[in-house]
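Residue numbers start from 1 in every chain, and the chains themselves are labelled A, B, ... in the order their sequence lines are given, proteins ahead of strands.
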Amino acid sequence: MAKWLVKSEPSECGIDDFVAAPGGVIPWDGVRNYQARNFLARMEEGDEVFLYHSSCKHIGIAGIVKIVRSHYPDPTQFDPQSPYFDSRSSAEKPRWQAVDMKYVCTLPRLIPLDELKSIPGLSDLPLVKKGSRLSVMPVGEEQWQIILHQVQPA
DNA sequence: GCCAACGTTGGC
DNA sequence: GCCAACGTTGGC
């Protein structure tokens with residue numbers, strides 16, 4: 001089962017929004033980057049995902065969610081009222097995908113970006129690379145375990 | 001609020 | 001197909 005990481009501004013959708021959502025489920029839509037979309041499309045039901053808080057006071061990994069519905073056409077691309085509307089998309093040829101994610105847990109402590117950057121085993125993670133804007137990325141099993149261990153320092 | 005880094009667009 | 005211009009991301 002694959003592991004992932006997604007970025008989000010907590011003012012838009014943070015781990016607390018998952019806690020408050022009906023059934024803990026939130027559709028992950030509005031992704032408008034091809035590389036990120038391609039990763040979204042590879043997510044499968046049951047895959048676990050780190051939720052990263054960006055552009056806020058406490059930047060870092062805040063919790064874990066999981067995929068409860070794999071990719072389907074992102075409805076916001078068809079909605080002229082939506083900021084994510086894309087006139088180049090059609091029902092026959094949808095350009096963008098969404099998945100549904102469900103709350104799993106809030107980490108006992110948020111793991112800050114600078115801490116993640118300091119761990120040698122994570123140097124390949126796009127998240128810690130300078131200037132990386134990728135908002136959906138795969139996390140290797142080994143990387144996943146390293147991050148989990150980091151929650152409770154020995 | 002600033003600005004470096006990035007992805008996308010569009011003219012050629 | 002190249003690349004300059006532009007808009008956006010996201011840490012600081």
(request) Dump the intermediate steps for ring pair (Phe, Tyr, Trp, His ring centres under 6.0 Å) on W96(A) and F78(A), then the final yes or no. (result) CA-CA 10 Å; W96(A) 306 110; F78(A) 307 123; over 10 Å; no

(message) Using a 6.0 Å cut-off, check whether atom NZ of K3(A) has over 12 heavy atoms from anything other than its own residue.
(response) yes

(request) Using atom types as modelled and distance alone, determine if a side-chain donor or acceptor of D47(A) lies under 3.5 Å from a backbone N or O of M43(A). (result) no

(request) With heavy atoms under 4.0 Å as the rule, sort K117(A) into base, sugar-phosphate or nothing. (result) sugar-phosphate

(message) With the threshold set at under 4.0 Å for non-hydrogen atoms, list the residues of residues 84-91 of chain A touching DNA chain C in residue-number order.
(response) none

(message) Taking E45(A) first and then R69(A), would you say they form a salt bridge - that is, a charged N and a carboxylate O separated by under 4.0 Å?
(response) no

(request) Of all the heavy-atom pairs spanning C105(A) and I15(A), show the shortest one and how long it is. (result) O-CD1, 3.8 Å

(message) Please enumerate all residues that pass side-chain contact (heavy atoms from CB on, under 4.5 Å) together with Y84(A), with sequence neighbours excluded.
(response) R32(A), T76(A), S82(A)

(message) Can you tell me how far apart CD (E44(A)) and OG (S70(A)) are? Round to the nearest 0.5 Å.
(response) 7.5 Å

(message) I'd like to know whether CD of Q145(A) has more than 12 heavy-atom contacts from other residues, nucleotides or ligands below 6.0 angstrom.
(response) yes

(request) Check every nucleotide of DNA chain C for an atom under 4.0 Å from a heavy-atom of chain A, then give the first and the last such nucleotide from 5' to 3'. (result) dG7(C) to dC12(C)

